[in-house]
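Just follow the structure's listing: the first ligand is 1, and inside any ligand the first atom is 1.
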Amino acid sequence: MFRTLFHGLLALALLGLAGAARAEDGYDLWLRYRPIEAEWQARYRPVAASIVVAGDSPTMRIASAELKRGLDGLLGGAVAEDQPAGAGAILVGTPEESPMIDALGLPLESMGREGYLIRSIRIGGKPMTVIAANDDVGALYGAFHFLRLIQTRQPIEALDIRSTPKVQLRLLNHWDNLDRSVERGYAGQSIWDWWKLPDFKDPRYTDYARANASIGINGTVLNNVNAKADSLTAPWIGKAAALADIFRPYGIRVYLSARFSAPIEIGGLKTADPLDPQVRAWWKAKADEIYRAIPDFGGFLVKANSEGQPGPQDYKRTHADGANMLAEAVAPHGGVVMWRAFVYSHETPDDRAKQAYNEFKPFDGRFADNVIVQVKNGAIDFQPREPFHPLFGAMPKTPLMMEFQITKEYLGFATHLAYLGTLFEETLAADTRAKGEGSTVAKVIDGSLHGYRLTGMAGVANIGSDRNWSGSHFDQANWYAFGRMAWNPDMKARPIAEEWARMTFSNQQGFVSPAVDMMMGSREIVVDYMTPLGLHHLMASGHHYGPGPWVDDLERADWNPVYYHRADAAGIGFDRTKAGSDAVSQYAPPVARMFGDIDTVPERDLLWFHHVGWDRRMASGRTLWDELVARYGRGVRGVESMQRDWTRLAPFVDAERHREVATFLAIQRHEAKWWRDASIAYFQTISKRPLPAGEAPPEHPLSWYRALNFPFAPGH
Ligand code: BDP
């Protein structure tokens, strides 16, 4: 009696803290497990009164601990204690380990290793929730799913859930260097404390694995695609192996980026020619060595002949020659090679947007069975908006995987609020028309359109040593959304944002709808103040922080923003129609026609595909110039409206996180205005048109913006 009373008081006290008051630093991500409202506790407790986990593997122990931790936290006290008679139990396991689950004869046949079922049943009049899978890792995923239902206040009395991942390789790509700096990282240093590995295993590695497992991520490429050969030497393999040991029970495999010239740099060979027998033998021996240390090593990710990286073309060989050589080395061990299509050569004067297609399309069907080609979402480079990459739909005989960038290199780093779920969804939902209507990018990626033998989705991680992992609280949502969409590329951005907001902040309706609305509009706001109407690649050089549309003096033509916007007295935009670079012809004919016709191209992609006169009438009735100016202003006002929304949400959010988000929004507001003012100041010198009535002139002259200089901007 006394104990129950005490528990009750404790729960009440915790609940009080779980309101607005308790400071939080974001470390717990979406797995906060704070006590939920009393009425929900009362509803869930009879169903989830105890946990029975069959099996004792490390993975099952993790599943069990997670359920206990989750239910204890959410339901505000020790589950399994003081349970009323007839209270329900959660039964977790595989048919192999649990005779009870086996006896149920659940339809698990086609669910693979990773799929799971969650079902409400009654055994002997007692309510039971069964979380069943063919393999322990499926059960772990199911456990996280079950907890998510409670975290988001879903009914759990009559469950009949069946979930299998639609994509096999669901990977983070860390662009982490061996000195712990992170290329395009805005969340502190690399979380891999390489120097102290393999002996010191930071507990954070376990938390990392847990967070990834909770959203179904099953692999991680530890090092930068701009790789050092050193990462393939024995000491570094040992460090990777230590991480692999930690990640393994969470269903996560380790992969490495491989430097193509490693046989020369660390192997003492004279060449890295993929057709040279010694080179092939070296890679085979290297793969064997890695697999001795990491038996479930996933394979290699390779950036070759791109931005100065070595590759097979250095020896007049092809991408297929290079990829297949590495594939041969890892094939006996079940490894894969992810060969990146982000290539553009120093010598080719052609439109950069065309180069990946030009280099890869001819090799369709020429890659080994365990090679998958990794393609960025768009043909240039992770811009705030890009039309989908023309390779999607164009390689029916070569598995392609998606590469999204979770870290916000081109979307304001960590301080701008931009929910990328909408960007991911926009790309995945795009119709390639490769096999008629409905040939979406999602169907290319999940393999169903072309019957790919391998499928995958990679996200360039936004994770670092910052306490909140991602550099900002809202950037956690981008990691989360990536994982959810990698599991199911048909998932939509809004429900994902809603799940995340409920788990990360608050389930109160007064919070959820405005917060989700704010997230859903946020990326378009960034597009507006940075690169409206299909403009792209206008960021300052190198670090990509802030505007630099005037830059025209970089070594290579296609590094310069002027190459991309092509503004002149007549108009602005890159003519990629048949009359121009003809990049449109890389798309299936109906898509090519749609993008290629100025009257049918969506306005959002207009200047990506067309060079358009300043006075052309837009859908709004405004001229292009006036519309451009209006969009920049709309972007700035969009940030201001997010600031107002966020202020109103203060009662629902702990002060610590609320304050940080508010401060970041103020930075964003300032920088949005900088983008608007600098862009207008510059483009006006070319358009020579007045600002529309009511539009404030830029705060400073163009020369002021041009003189800004940020030698220490992060991530570069
Ligand atoms: C660009 C980045 C650069 C990367 C490159 C890549 O600016 O740091 O190395 O892509 O993806 O977005 O290889």
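In this structure, Lys239 forms a cation-pi arrangement with Trp236, its terminal cationic atom sitting closer than 6.0 Å to the ring centre and no more than 45° off the ring axis. A cation-pi contact links Arg576 to Trp608, judged by a cut-off of 6.0 Å to the six-membered ring centre and 45° from its axis. Remark: Arg556 is positioned above the aromatic ring of Trp559, its terminal NZ or CZ atom under 6.0 angstrom from the ring centre and at most 45 degrees off the axis. The side-chain tip of Arg566 points at the ring of Phe574 from less than 6.0 angstrom away and within 45° of straight on.
Nearest-residue assignment for atom 3 (C) of ligand 1 (options Gln383, Gln309, Glu183; heavy-atom criterion): Glu183. If you check each of Arg340, Gln405, Lys303 against atom 11 (O) of ligand 1, the one with the closest non-hydrogen atom is Arg340. Remark: among candidates Lys376, Glu409, Glu307, the nearest residue to atom 10 (O) of ligand 1 is Lys376, based on non-hydrogen atoms.
Using modelled atom types, no side-chain atom of Gln313 and backbone atom of Thr318 make a donor-acceptor pair closer than 3.5 Å.
At a 4.0 Å heavy-atom cut-off, ligand 1 does not touch Val460 at all.
Taking a cut-off of under 4.0 Å to the non-hydrogen atoms of Phe342, the atoms of ligand 1 that pass are 5 (C), 6 (C), 10 (O), 11 (O), 13 (O).
Atom 1 (C) of ligand 1 has its closest protein heavy atom at Asp381 OD2, 2.9 Å.
Side-chain contact of Trp339 with His319: a donor-acceptor pair under 3.5 Å is present, judged by distance alone.
For the pair Trp175 and ligand 1, the shortest N or O to N or O distance does not fall below 3.5 Å. Not one N or O of His544 is nearer than 3.5 Å to an N or O of ligand 1, by distance alone.
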